[in-house]
Amino acid sequence: MNDHTEGAAQGGALAEALARCVGARIDAAHANPATGLVALAVYGGTRRVLGAGIGPRVSGVGILPRLPRLRAGASHPLVAAMRAHLVGRRVLAIEVRGDGIVIVAGDDDAVTVENDRKSEGGAPRLGLAEPEPGLGPAVMVENDRGGAEGAPRLGLAAPEPGLGSAAVPEPGLGPAGPAAPPPRLGSSPGARLELMPGRRGEARLLDAAGHLILRWPPQGGAPQAAVAYPADPLAAGAALVEASDDAAAGQEKAALARAVKARRAALERRAEAVRGDLGRLGSVARLQKTGQLLLAQGARVPRGAAKALLDDWETGGKIEVALDPSRPAKAQAEAFFAKARRYQRGEAVMRARLAETERALSAIAALEADVAAAEARPESLEPLAQRARSLGVSRAELAGEPGKSGARALGAGRPAPRRPFHAYRSASGAAILVGRGAEDNDALTTKHARPHDLWLHAKGVTGSHVVVPLAKGASCPADVLVDAATLAAHFSDARGEAVCEVSYVQRRYVRKPRGAAPGAVVFDREKVIAVRIEEGRLSRLLATKQEG
């Protein structure tokens, strides 16, 4: 007897447990690819959950007492494929082989269960089989041709017509008496799931014609050895789901710790930047003094000069001032006064932002300590994840990679590429993207923004490009428009002004002229909103910043 046959011979208890699943409806399909647990929930009067561990973290097979608590979302390829091809169909046959388990599913109209519950027979019984060349998967059945000592002999049952490469148990006499008749098939099955348990096992989903729909992992598993089936499938299933949840929870804790650490680092950078802004308040007196000197002495500066040496009446020395050669020197004095006013007006906002950032830093430091001390259990980690989300950690960061949920992604340890924008959130949760610099403005507008997105810029002054992502054909809600305009004003040379005009158009009407300086664009169909800067609104928006 080869290894596969030996493995099949050990699976009698599992086959007996799975027998009553034939004819049942598949209600749910789940997986945690990070641990390797695949689970199918079926209902046929009683709910049962079949679980198989295909690695890398868990291996084995059994009847689970519950669905795994930690599992991938519906967008994962394996989960999506199983839900599309298995869920809602009925189990036509289950085959316990030496190298794994095969589940054949079909549509409701493809199976009629003729099991008379009033008769002595139970549910259709399953046997064990080793595939025979040329026959495809087959089912071992017990026949009534006793051997020399009267024991039942095992033989290969040929597939029934209409079943394709799968087969169902042949009616006969099992050890417990007459078995109920098998399901009668009226058409080909809809799909077939092959589960090969093991630390390097795999799952394969095939259609009715035997064509591969999906295999997981994509590169396939190692050559499969015989499966050691459990003598007690219920105990094995309980151990399997606990092991999967424990392993996944350990990864969840590691991802949570990484996300919280990254958030703390981002808040520290923000606090340092705000302190730098506050440090520039010391230059207010210098800016005002420069404006006064330029106003008084600007007439002596030649037109087109790029700099001027002004007499400092207080110290008796000289002050060198950089100028715009295209404008008269005296006319540029107002720019120094305006800059001083912006610094003074922005002081309250900057100090409020710094205080808020320091409070968030204190909260994130406490959370970081709690995560380090927490048990790697779902019930312990979920409240901590909620706290992390309330402190600005996104669900994608908690999952290890954007777009993934529940399971760690390959390469999650690699640093994410730098984005040319910072993301903020309006009160309604809408995203608002703000360019990080002149070249980043170009990248945001020309590469990231879509034609139907809303584009904003402070009117008549240098500043960041702002983009509000919108669904095609959708208009921007009024509150989101005001929030985006507030950010456009704040991240411009109009920062600190009480009121600022902001231009906005659909991105499709914004063009980058050839040879234009970084950040310089032209646009048509301009609309203008005059936004009054509200400190409460601005502070709320700045607190939602997600680093690029």
Side-chain angles (χ1 to χ4, degrees), residues 268-358 422 434-441 457-465 486-502 517-520 531-535 538-539 541-542 545:
E268 288 172 347
R269 290 194 299 270
R270 179 190 297 177
E272 188 63 29
V274 176
R275 292 189 188 102
D277 289 342
L278 285 170
R280 287 198 289 270
L281 291 175
S283 64
V284 169
R286 179 180 58 81
L287 290 169
Q288 291 174 334
K289 179 179 179 179
T290 302
Q292 291 167 352
L293 293 176
L294 195 59
L295 194 62
Q297 304 175 39
R300 299 184 329 199
V301 179
R303 187 175 185 86
K307 63 181 180 180
L309 284 176
L310 305 176
D311 295 327
D312 186 345
W313 297 324
E314 293 180 1
T315 64
K318 298 283 186 181
I319 295 178
E320 184 175 300
V321 180
L323 299 175
D324 181 354
S326 65
R327 299 174 58 201
K330 192 172 181 179
Q332 295 181 57
E334 177 56 30
F336 289 93
F337 293 133
K339 197 168 188 178
R341 288 196 299 270
R342 285 200 299 272
Y343 284 164
Q344 289 174 319
R345 291 172 181 172
E347 181 178 6
V349 173
M350 287 188 284
R351 293 197 182 281
R353 189 183 185 200
L354 180 60
E356 188 171 352
T357 302
E358 288 175 340
H422 292 309
V434 179
R436 300 172 63 170
E439 293 183 357
D440 291 326
N441 282 338
H457 194 282
K459 184 175 176 65
V461 295
T462 302
S464 293
H465 295 193
T486 299
L487 289 172
H490 179 73
F491 292 104
S492 75
D493 282 351
R495 177 185 296 190
E497 299 293 339
V499 179
C500 178
E501 289 189 336
V502 176
V531 60
R532 183 176 297 278
I533 308 303
E534 305 169 32
E535 290 189 6
L538 180 58
S539 297
L541 287 166
L542 295 177
K545 179 180 179 181

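Count residues from 1 along the sequence.
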Has [X] got a side-chain atom pairing as donor or acceptor with [Y]'s backbone, closer than 3.5 angstrom?
X	Y	result
H457	G463	yes
S464	G435	yes
N441	H465	yes
E320	K307	no

Trace of the side chain to side chain contact (heavy atoms under 4.5 Å, CB included) decision for R286 with I319: CA-CA 10 Å; R286 179 180 58 81; I319 295 178; over 6 Å; no

Non-hydrogen side-chain atoms of [X] and [Y] separated by less than 4.5 Å:
X	Y	value
T486	E534	no
H490	V434	no
L542	L487	yes

More than 12 heavy atoms of other groups within 6.0 Å of E268 CD: yes

- request: For atom CZ of R327, decide whether the heavy atoms of other residues, nucleotides or ligands shown that lie under 6.0 angstrom number more than 12.
  value: yes

For [X], what residues pass the side-chain contact (heavy atoms from CB on, under 4.5 Å) criterion, not counting sequence neighbours?
X	answer
T357	L267, R270, A271, R353
Q297	L293, R300, L310, D311, W313
E497	R342, R345, A494

Heavy-atom pair with the smallest gap, counting every atom of [X] and [Y]:
X	Y	answer
P328	R303	CG-NH1, 3.1 Å
V531	A489	CG1-CB, 4.5 Å
Q288	A340	CG-CB, 3.7 Å
A308	V301	CB-CG2, 3.7 Å
S539	A352	OG-CB, 4.4 Å
R351	L278	CG-CD2, 3.7 Å

- request: Kindly compute the distance separating NZ (K545) from CZ (R269), expressed to the nearest 0.5 Å.
  value: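 CZ of R269 is found 8.5 Å from NZ of K545.
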
